[in-house]
Amino acid sequence: MQRRQPGMAISGLLRNEQTLMSLTNNRLVAKTGMPKIFRFLLANLFFLVIGIGCFSQAQAQTKAASQRLVLTGSSTLAPLAGEIARRFESLHPGVRIDVQTGGSSRGIHDVRKGIAAIGLVSRALKPDEADLQAFTIAQDGVSIIVHAGNPVITLSREQIADIYTGRITRWNVAGGTDARITVVNKAEGRSTLELFLDYLQLKNSEIKPHVIIGDNAQGIKTVIGNPHAIGYVSIGAAEYEARRGAPVRLLSLGGVEASVENVRQGIFPLSRPLNLVTSGEPQGLARQFIEFARSAQVHDLIRTQYFVPVNAD
Amino acid sequence: MREITNIHTRQILRDRVVQLLVYAAVLLISMVFIWILADLVRGGIAHLSWEFLMESPRDAGRTGGIASILVSTLLILLTALLTAVPVAWTTAILLVEFVPADSPFGKTVRFSLHVLAGVPSIVFGLFGNAFFCIYLGLGFSILSGGLTLACMLLPILTSTAEAGLRAVPHAYRTSASALGLTRTAALVHLILPAAAPVLAAGLLLGIGRALAETAALLFTSGYVERMPDSLLDSGRALALHIFDLSMNVPGGDMPAYASALVLVGLLLCINTLAMKFAYGLQHRKIMT
């Protein structure tokens with residue numbers, strides 16, 4: 001392009017535009033052939049990909065006879081189930097355990113449809129789910145959390161219910177600063193939501209949330225980012241973040257401090273079982289896996305995911 | 001005379017302002033990219049290492065690496081592209097070269113592609129889950145995920161390819177015809193190479209969308225973080241891994257940052273290579 005002279009802005013822009021147009025018309029493209037090295041790299045990439053494909057096909061054929069088990073359900077339980085599955089696979093060569101996620105409701109749906117052999121459900125089964133069998137592998141508590149800068153230490157059950165139904169909208173009513181409360185609720189189908197509603201004896205339609213979240217870490221991040229928010233998440237996750245110095249506070253409930261220890265002792269009011277669910281009596285591999293997941297061999301894995309192991313016997 | 005100079009100065013001033021605004025917009029766009037990149041580098045560079053790229057994840061992704069997830073991601077991407085690109089580009093060629101632009105058939109195809117382009121990815125995910133995973137019995141697998149992605153990519157690839165082919169001057173076609181080239185020969189030797197940069201740009205848009213996809217893959221290619229043995233195994237995509245680490249796994253922020261950095265790096269590499277390739281093709285075929 002020519003050197004632009006002062007006061008020639010219009011023509012400068014025009015010329016730019018012309019160059020652009022001719023670029024699209026492929027007449028004025030600068031002449032730079034593709035360097036050899038790129039062709040070489042591209043060819044290599046291509047063969048690498050084909051190689052991986054062939055390799056994986058060959059492997060698949062040697063493993064064709066392996067047994068496979070599919071688990072779907074709760075996102076709270078999925079990382080733990082994945083770790084248990086990895087240990088189970090290392091003890092039983094030739095077995096593949098696929099863990100999928102999507103929420104407890106999906107776990108129940110998939111087990112009923114036969115898509116999954118075992119469902120991951122992070123709550124107790126309801127009366128209309130009596131066709132399924134549940135095996136508890138761990139316990140988890142649900143804690144109300146607020147930002148660490150919030151002066152509120154405890155809330156009564158009525159106050160929580162009032163906050164979530166929109167009857168209390170400012171923190172000063174509940175002993176805090178004069179600020180509007182941001183209500184963080186869980187999405188439909190999450191078992192934390194069902195447990196929470198059950199504790200407050202509310203229906204989800206009565207709740208007036210400002211933010212709707214999915215997973216636990218997302219809830220904690222929402223509260224960290226908003227000093228006036230209130231939310232509820234798995235105690236293990238909240239305790240872990242609070243210990244690492246994240247500005248969240250776990251509120252005690254009914255005079256009981258929210259801690260993994262109190263969940264273990266069974267005195268924390270908002271706790272839930274983490275279940276493996278099957279349709280009918282589990283057989284074969286599913287039975288082996290459930291027995292393994294309930295044995296003491298996986299207690300260290302349960303603790304590293306911040307849940308509370310239960311004794312199967 | 002003074003009047004004219006006055007108008008002239010005003011016009012220059014106005015041009016300058018417009019120019020300034022244009023540059024400001026460009027700066028803003030590059031700032032967004034640089035900001036994201038800087039944030040990723042700041043958060044993830046400490047965690048990034050050769051081991052991180054070469055190991056499989058452990059402890060729900062908090063430790064270990066992302067090797068198996070990288071392989072799954074590339075396999076999903078490859079499946080999607082190998083399925084979508086031939087179909088999409090053939091459709092584009094048909095729409096531009098063989099069907100009149102205003103024919104009812106062309107209009108119908110174009111309209112349905114536009115509708116398809118506007119469908120949210122979660123809907124593709126549910127469709128993929130119902131059709132590929134359950135109806136066709138592929139289960140949660142890289143194949144299901146790749147085919148679902150292919151459906152998502154079809155509208156992008158077709159629309160961009162169509163626009164690229166239409167931008168090739170009509171004189172090229174008439175000249176080719178006058179020289180006695182068949183339609184196929186003109187297409188292969190002239191029109192496709194001429195449109196190659198635009199085709200590549202569309203391909204890059206598609207790759208970007210495919211690599212960024214989370215919702216649709218959760219329901220189709222699944223959540224399994226093991227190294228895939230075949231296309232029928234479930235494999236977790238990189239974007240899904242980042243989502244899970246940052247939203248579901250407490251203490252997963254560091255590996256999430258590092259994985260995001262790898263994802264952006266991968267995207268940059270693919271973009272550069274594809275653009276180089278496209279321009280190279282154009283030069284070899286047309287410019288010499």
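Numbers restart at 1 for each chain; the letters A, B, ... are given by sequence-line order, proteins then strands.
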Which class fits the ring pair Phe289(A) and Phe88(A): parallel under 30°, tilted 30 to 60°, perpendicular over 60°? perpendicular
Enter the distance from Gln100(A):CD to Ser234(B):OG here, rounded to the nearest 0.5 Å. 4.0 Å
Is Asp110(A) salt-bridged to Lys113(A), going by a charged N under 4.0 Å from an acidic O? no
Against chain A, residues from residues 132-143 of chain B with at least one heavy atom under 4.5 Å, in numeric order, are Ile134(B), Phe140(B)
Answer with side chain, backbone, both or neither: which region of Ala246(A) has an atom nearer than 4.5 Å to a non-hydrogen atom of chain B? neither
Asp253(B) versus chain A, heavy atoms under 4.5 Å apart: side chain, backbone, both or neither? side chain
At a 4.5 Å cut-off on heavy atoms, which part of Ser246(B) comes close to chain A: side chain, backbone, both, or neither? both
Closer than 4.0 angstrom, basic N to acidic O: yes or no for Glu162(B) and Arg166(B)? yes
Is chain B contacted by the side chain of Ser234(A), its backbone, both, or neither, given a heavy-atom distance below 4.5 Å? neither
At a heavy-atom separation under 4.5 Å, does Asn216(A) approach chain B through its side chain, its backbone, both, or neither? backbone
Answer yes or no: is there an ion pair linking Glu89(A) with Arg86(A), defined by an N-O contact shorter than 4.0 Å? no
Nearest-0.5 Å distance, CD1 of residue Ile84(A) to CD1 of residue Ile302(A): 5.5 Å
Would you mind checking if Asp233(B) and Arg226(B) are paired as a salt bridge, meaning a charged N to carboxylate O distance below 4.0 Å? no
For Arg236(B), which atoms come within 4.5 Å of any heavy atom of chain A: side chain, backbone, both, or neither? neither
